[in-house]
Amino acid sequence: MKSELHNAETAPPLVSSSIQIIRYNESYYEEKNTQCIDDCFSLEDDHYITWINIESTKHFSELEKLATHFAFHPLLLDDITGLEQRPKLDDYGNHIYMITSMLDYNINSMRVDSEQLSLILGKNYVISIQENGKEGDVFNPIREKLRTSKGKIRRMGADYLLYSMMDIVVDNYFTIIEKIGERVEDIETSLITDPTPNTLRRLYGLKREMINLRKAVWPLREVVSKLERLDSELITDFTVLYIKDVYDHTVQVIETIESFRDILSGLLDIYLSSMSNKMNAVMKVLTIISTIFMPLSFIVGLYGMNFHHFPELDWYYGYYAVLGLCFSVAIGMLVFFRKRKWI
Amino acid sequence: MKSELHNAETAPPLVSSSIQIIRYNESYYEEKNTQCIDDCFSLEDDHYITWINIESTKHFSELEKLATHFAFHPLLLDDITGLEQRPKLDDYGNHIYMITSMLDYNINSMRVDSEQLSLILGKNYVISIQENGKEGDVFNPIREKLRTSKGKIRRMGADYLLYSMMDIVVDNYFTIIEKIGERVEDIETSLITDPTPNTLRRLYGLKREMINLRKAVWPLREVVSKLERLDSELITDFTVLYIKDVYDHTVQVIETIESFRDILSGLLDIYLSSMSNKMNAVMKVLTIISTIFMPLSFIVGLYGMNFHHFPELDWYYGYYAVLGLCFSVAIGMLVFFRKRKWI
Amino acid sequence: MKSELHNAETAPPLVSSSIQIIRYNESYYEEKNTQCIDDCFSLEDDHYITWINIESTKHFSELEKLATHFAFHPLLLDDITGLEQRPKLDDYGNHIYMITSMLDYNINSMRVDSEQLSLILGKNYVISIQENGKEGDVFNPIREKLRTSKGKIRRMGADYLLYSMMDIVVDNYFTIIEKIGERVEDIETSLITDPTPNTLRRLYGLKREMINLRKAVWPLREVVSKLERLDSELITDFTVLYIKDVYDHTVQVIETIESFRDILSGLLDIYLSSMSNKMNAVMKVLTIISTIFMPLSFIVGLYGMNFHHFPELDWYYGYYAVLGLCFSVAIGMLVFFRKRKWI
Amino acid sequence: MKSELHNAETAPPLVSSSIQIIRYNESYYEEKNTQCIDDCFSLEDDHYITWINIESTKHFSELEKLATHFAFHPLLLDDITGLEQRPKLDDYGNHIYMITSMLDYNINSMRVDSEQLSLILGKNYVISIQENGKEGDVFNPIREKLRTSKGKIRRMGADYLLYSMMDIVVDNYFTIIEKIGERVEDIETSLITDPTPNTLRRLYGLKREMINLRKAVWPLREVVSKLERLDSELITDFTVLYIKDVYDHTVQVIETIESFRDILSGLLDIYLSSMSNKMNAVMKVLTIISTIFMPLSFIVGLYGMNFHHFPELDWYYGYYAVLGLCFSVAIGMLVFFRKRKWI
Amino acid sequence: MKSELHNAETAPPLVSSSIQIIRYNESYYEEKNTQCIDDCFSLEDDHYITWINIESTKHFSELEKLATHFAFHPLLLDDITGLEQRPKLDDYGNHIYMITSMLDYNINSMRVDSEQLSLILGKNYVISIQENGKEGDVFNPIREKLRTSKGKIRRMGADYLLYSMMDIVVDNYFTIIEKIGERVEDIETSLITDPTPNTLRRLYGLKREMINLRKAVWPLREVVSKLERLDSELITDFTVLYIKDVYDHTVQVIETIESFRDILSGLLDIYLSSMSNKMNAVMKVLTIISTIFMPLSFIVGLYGMNFHHFPELDWYYGYYAVLGLCFSVAIGMLVFFRKRKWI
C-alpha cells in the first residue's frame, strides 16, 4: 500500500490535473487541481461543501485511497472501475452511490456515445468520477455558478450540488433527443421525395441507436425514482422537489424515445410501400409496352408469311391498311390503359 | 426587484388586457382586466373566490411577483415558464400545482396543436396561466356561468372552479377525437374505393398525430388520477366525485386513441393488400397478352420461313388455315384463363 | 319544477307504458306499468323489494324526480342521460350506481350495437334505466322467474336482483361471441377455398368490431371486479359469490376476444400469403410461356432471313428439321420446368 | 326429491360403474364402484380419507344429493355441470372447489381436446368430477399407488391426494407440449427443404392450437397460485411445498408455449421470405430468357426485311456472320448475368 | 437402505472422483475427492465452512444419503435429479435451495447449451450439484481463491461462497452475450454486403437461441431477486449487497437480450427489403430490355411484310433509314429510363 502511495505521488504529469477539488460555502470558494488525492483528506469540514471531481477511472490507486478514507464498501470501488455498468443507486447509509450514463452525440459518426459517471453523495461532499473526462467538461456551468455565486447553489447543501449534476446529465439527453429528432425529419423528407435502399439503412441505424438510448435511459429513470423516494438524511425535502423535476424530465425523454420508435416503424411501412409502388410503376411500363407491341408484332408477322395464295398481299393499299390497323390497336390499348388509370 | 416592478407598471399596452381577475361568491361577482398583477394582492379574502387568468407565460415579472406574493416554490415558476413540460401535479401543501395540455385541432394544417396550461389551486383562489392565450378563449363558458350565476359554480369553492376548467380541457379532447374519427372514416372510404400512395401518406400523418396525442393524454390521466387520490384540504369530497368523472373521461379518450391505433394498423394492412392486388391485376394483363400472342407470333413466324421445300405454303387455303389456327389458339387461351378465374 | 311535474303527468301515451314497477317479497308479487314516476314514491317499504325499470333515458323529468326523491348526487343524473359513457361503478354509500353496456348483434348489418344500461342498487330497490328499450326485453327471464317464483330470486334481496341482471347482460356477450366465432370460421373456410379482396374486407370489418367489443368489455371487467371487492352493506356475502361468478364470465369473454384477435391476425397472414401465391402462379405461367416460345420464335425468325447464300433453306427436309427442333426445345423446356416443380 | 332418489337407484346399468369410491388410511384400503351415491354418505369418518370419483357430469341427481349431503353452495353445482368453464378456485371455508382443464392430444386430428375436471377438497375427502370420463383413466397411477401403498400417499391427508391429481394433470400438459414441439420441428424442417402453401396451413393450425392451449393454461396458473397462497386449514404446510412445485411446472408450461409462439412467428417470416425467394427465382429465369432472346429475335428479324437494296444479304458469309453475332450476344448476356450472380 | 449404502461404497471407480469436499476457515484449508458421501458426515463443524461439490446428478444413492443426513425435504431431492427444471428458490428455513442454469456456448454447433446447477446453502455449508460436470470446471477460480487465500472469501461465511458461485454463473452469461453480439454483427455485415437466403436462416437460428436464452435468464432474475429480499439468517447483510450486484448483472443480461431481439427484428426488415430490392433490379432489367427491343422487333417485322405494293422497300436508303430509326428508338428509350433513374 505504501509503495502504491509513493507511485501515485510520482505519477506522470499528464494525469496530474485530472483531479479537481472545489470547496465552498455561502461566503467562501476555493478550487484546486491536484496530482494526488491525499490533498483532500484534510478537506472534510462541516462548514464547507467539498466536490471532488476525478476525470478518469484509471486513477485506481487514488480511488482506493478515497475508498479507504471514506470507508466505502468494497463493491462500490468495483462498480466505479468496472465499465459498462447499468445505472443504479445504492444507499450505504452515510453515503449514496449512483451510476449514471452521460450520453454524447458524435456528429461525425452520427452515433450516440455513452460514458459512465459515478456520483457519491456524503454529508458534506460529492465525489464525481467520470469514465474518461474530456476537455469541454459538461460540468462547467456548475463550476461557473459556484465561482460567480449565481443562483442558489452556494447557499445549498451537497444534495443540491448532486441534483445540479444530474440535471445537467438529463438536460444533455434532451439535446441528443433533439438532434435525433432532426434526423428523423430528414429521413421522413427523403422518404417522401426519393426513397433509396440507403434511406432504409439510415432508418435502421437510427432504430439501433434508439435501442441503445433506451437501454441507457430506462434504468436511469429507476435510479432517479429511487433517489426521490429515498428516506435518507443526506437529502433535504427541499431538494427532493428538484429531484422530482429531474424524474419528470427523464420520463419525458423516455416517452419521446418511445414515440420516435413508433414513428420509425411508421416510416418503415412508408418505405416498404413506396418500394412496392416503384415496382408497380416498373411493372406497368413493362405491361404497357408488351401489351401494345405484342399484337402489332403478330400483325406484321402475319403479313410476313410466304403463302402463295395470300390475297391481302396483292391489295394495293394493303400496306397502308396494316399501318392503320397497327395504329388503331395501339390507340385502343392506350385508351384502355387510360381507363384503368395506368397512364 | 424594485426596478422590475417599475418596468412592469410601465409595460407596453399590447399585453395590458391579458391578465384577468374574477372575484365571486354566491351573491357577488366582479371581473376586471388589469395591466399589472399588483392589483390582485389585495384581493385575497376568505369570503370570495378569486380566479386570476394570465394569458401568456411571457409576463415573467408579473409571474415573479405572484410567486413572491403567494410564496410559491422556485421550481413552480420554472415549470410555468419552461415550455413543453410533461403534464404533472405537485402538491405543495397550501397550494396544488398542475400542468396540463390544451389541444387544438388546426383545420388548415390538419394537425393537433398543443398549448401548455398551468393551474394553481389555493385556498380561495385559482391561478390559470396559458402558454399563449387566444381570442376565442376556451374558458368563456365558465365565465358565462359565473356571470349569469348558472349552475352550482357560484355556490362552490375554488376546487370546483378548478374542476370546471379541467372538465373543459378534457371535453375539448373529445372534440378532437371526433374530428380525427371523421378523418379515419375518410381514409377508410378512400382506401376501399381508390387507394393511392397519397392515402398512405395521410394514414401515416394520422398515425403520427395519434402518437403525439397519446403522448399528451397519457400523463394527463396520471395527473387526474393523482388529483383524485390526493388527500388535500383544498379539495372537498364533493368535488372529488367530479374529478373522478373527469378521470373516467380521460380514460375514455385514451381508450379511443388506442382503438384508433388498432384501426389504423388494420387500414395499413388493407392498403398494402390492395396495392398488391393492383400489382396482381397488372401482372394478369401482362400474362394474358403474352400468353395469347407469343404462340401466335411463333405460328406466323413459322410460315414466314423461306425454305424452298415448304408444302403448306402451296396449299390454297393455307393462309386461312393459319388464321383459323391463330383464332383457335387465342380462344383456347381465353377459355383457360376463364377457368383460372383470371378474366 | 312544478310545471315540469305537470308536463310529465300529461305526457303523450306513446311512452306511457315505458316505466315498469315490480314489487315483491317471498310471498307477494305486484307488477304495474305506470305513466308517471310519482307512483313509486309510496312504494318504499322494508318488507318489499322494488324494481323500477325505465325504458328510455328521454324521460328526463321523471328521472329528475327520482333523483330528488332518492337524493341522488347530481353527477349520477348526468351520467344516466349522458350517452356513450364508459362502464363504471360509483359507490355513494346508501346506493351504488353502475353503468354497463348491453350489446346486441345485428344480423342484417353484421354489426355489434351497444346500448347503455344504468343500474342503481339501494337498500330495497333496484332502478334500471335502459338507453333505448326494445320490445323483446332482455330482462324478461327475470320477470318470469319473479312471477312464477322459480329459483331463489324471490327469497333473496335487491342485490341478488342486481346480480341477475348483470348475469343476463354478460350471458348475452357469450351469444355475441358465439356468433362472431361462427363468422371467424366462415372467413377461415373462404380463405382456404377462395380468398378474394372481399374476404380481406370482411376480415377487417370483423377486426374493427372486435376492437369495439373489447372497448366495451374491458371496463365492464373493472366494474364487476370493483363490485365484488366493494365493502358495502348493500351486498351480502352470499351474493358476492355470484358476482364473482359474473366476474369469471367477463374474464372468459375477454380472453375469447383476445384469442379471436390472435386468430384474425393469423388469418391475415394466410390471406397475404395466398395472395402472393396467386401472384406466383401467374408469374409461373408467364415465365413458362415466354421461356418456351421465345427460343422458338428466334428459330423460325432465323430461317425467315433473306440471305442469298443460306444453305439450310435448300435442304429438302429443312422445314421438317426446324419443326423437329422447335418440338425438342419445347419438350426440353417442359422437362426443365417439371424438374423445378413449376408444373 | 324422494322420487329423484328412487330414479337414481334404478338407473340404467350402463352408467352404474361410473362412480367410484376409494377409502383408505395408512393401514386400510377399500375400493368400490357403486350405482348410487347414497352409498358414500356413511363413509365419512375422521379415520379415513375418502375419494369419490364421478366420471360424468350427467349424473345430475347424484351430484345434487352430494351437494345436499355436503351442504355445497348452489353455485358450485352450477359450475360443475356448466361446461366450458374457465379454470377457477373458490374457497368455501370447509371445502375448496377447483375447476381445471384436462388436455388430451388427439393424434388423428392433431388437435388438443380439453375436458373439464372439477375437484372438491374437504376435510377427509376429495371429490373429483370428470366431464366425460374415459376408459384409460389418467388417475390410474394414483389408484395404483394407493392400492400398493407405494410412496407416501397413504400416509398423507386429503390435500396430498388433491396435489397428486393436479400433478398428473399438469404433467399431462408436458406430454402435449412435447408433441407440439415435435410438430414445430417437423414444420421447421419442411420449411427449409420444401415450403408449400400447405406448410403455411399447418403453421396456422399450430398457431391456433397454441392460442387454445394458452387460453386453457393461463387461468390454471392463477388457480394454482391461489391454492398455494390460500390460508386454509384444509391444506398443510407440508403439502403447500408440493403445490408450489406444481405451480412452477405450470409456469414452465406457459413459458414454453410463449416461446413456441415466438418460434412460430419466426417460422412465418421464413415461409414468407422463401415464397418471395421462389418468386425471385421465377423472375430471374424469365428475365434471363427474355434478355437473351429479344436482341436475337431483333437481329434475325432485321435480316428478314424485304428491302431491295440490302447489301448484307448478298454477302456470301452473311448468314454465318449473323449466327456468330447471335452467339456472341447470347454469350455476352450470360457473362453479364454471371457477374450479377443471377446464374 | 443398508444395501444401498453398501452398493455406493463399492461404486465403480469411474465416478469415484466426482464428489469433492472442501473445508476451510480463515486459517485452515483442506480439499479432498471422495468416492463416497459418508466421508462428509463428520465434517460439520461450526468452525469450518464446508463445500460439497457433486459433479453429476446420477449419484442418486449418495444424494439420498445427503438428504437424509441434512434432513432435506423429499421434494428437494426430486428437484435436484429431475432435469429441465425452471430456475427457482425455495427457503426451507435452515437451508435454502436454488436451481440455476449454467449456460455454455458451443462454438461448433453455434448453440447455447444449458446445464442445471443446484445449490443448497446451509449454516456452515454449501452443496453444489451439477447436472453433468465437465473437466474445465467453471468453479476453478473460486477453488483457486480458496487455496491461495486471495480476496476476502476465506474470511467470509457460506453465503459469500454461494454468492461467488452465482457471480461466476452470471458472468458466464456475459461471455455468451458477447459471442452472440459478435454473430449479430456478422449477420449485419453480410446483410449489407450480400444478403442470401442463408443469412435469413442464420438470423432465424439466432432468434431461436435468443428465445431459449431468454427462457433461461428470466426466471433466474426472479430467483436472485427473491434471494436478495429473503429475510433469512443464513445470509448476512454484507452479502446481500453482493447479491444485489448479481441481480443488477442479471437485469443487464436480460436488457441486452431484449435489445438483441429488437436488433434482429430490424435486421429481418433489412433482409426482406433488400430481397425486394433485388427483385426490383431484376424487374428493371427485364423491363428495359423488353421496352427497347419490342418496338425494334415491330419495326423490322413491319419491313418483313410481303406486300406487293410497299414503296419503302424500293427506297435505296430504306434499309439504312430503318437501322437509323431503330437506333433512335433505342437511344430515346435509354434517355427515358435515365430520366426515371432506372439506369
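The chains referred to below are lettered A, B, ... by the order of the sequence lines, with proteins before strands, and numbering in each begins at 1.
- When atom types are taken as modelled, the side chain of C/Asn306 and the backbone of D/Met305 share a donor-acceptor pair closer than 3.5 angstrom.
- Heavy-atom distances place the side chain of C/Glu312, and not its backbone, under 4.5 Å from chain D.
- Between C/Glu255 and D/Lys215, the closest heavy-atom pair is O-CD, 4.2 Å.
- Between C/His249 and D/Gln85, the shortest heavy-atom contact is NE2-OE1, 4.2 Å.
- When all heavy atoms are compared, the tightest approach of D/Lys207 to C/Asp262 is NZ-O, 4.1 Å.
- Taking the side chain as every heavy atom from C-beta outward, D/Ile211 and C/Glu258 never approach each other to under 4.5 Å.
- Both the backbone and the side chain of D/Leu200 come within contact range of chain C, judged by heavy atoms closer than 4.5 Å.
- Interface residue D/Leu323: only side-chain heavy atoms are found under 4.5 Å from chain C.
- The only member of D/Trp315, D/Tyr303, D/Tyr319, D/Tyr320 that meets ring-ring contact (aromatic ring centres under 6.0 Å, His included) when paired with C/Phe310 is D/Tyr319.
- For D/Leu268, the part lying under 4.5 angstrom from a heavy atom of chain C is the side chain only.
- When side chains are defined from C-beta on, C/Asp269 does not count as touching D/Tyr271, because their heavy atoms never get closer than 4.5 Å.
- Looking at C/Thr256, both its backbone and its side chain come within 4.5 Å of chain D, counting heavy atoms on both sides.
- Checked against the 6.0 Å centroid criterion, the rings of D/His73 and C/Tyr242 qualify as a close aromatic pair.
- A 6.0 Å sphere centred on CZ of C/Phe174 holds more than 12 heavy atoms belonging to other residues, nucleotides or ligands.
- Residues C/Lys152 and D/Pro74 are in side-chain contact: their nearest non-hydrogen atoms beyond the backbone lie under 4.5 Å apart.
- Residue C/Leu267 touches chain D through both its backbone and its side chain, counting heavy-atom pairs closer than 4.5 Å.
- Within the 4.5 angstrom heavy-atom criterion, no atom of D/Phe298 approaches chain C.
- Considering all non-hydrogen atoms of both residues, D/Ser290 and C/Met294 come closest at CA-SD, 3.5 Å.
- The closest side-chain heavy-atom distance from D/Phe293 to C/Ser297 is not below 4.5 Å.
- Between D/Val282 and C/Leu286, the closest side-chain pair of non-hydrogen atoms is not below 4.5 Å.
- Surrounding NZ of C/Lys145 are at most 12 heavy atoms belonging to other residues, nucleotides or ligands under 6.0 Å away.
- Neither the backbone nor the side chain of D/Asn212 comes within contact range of chain C, judged by heavy atoms closer than 4.5 Å.
- Only the side chain of D/Arg208 has a heavy atom closer than 4.5 Å to any heavy atom of chain C.
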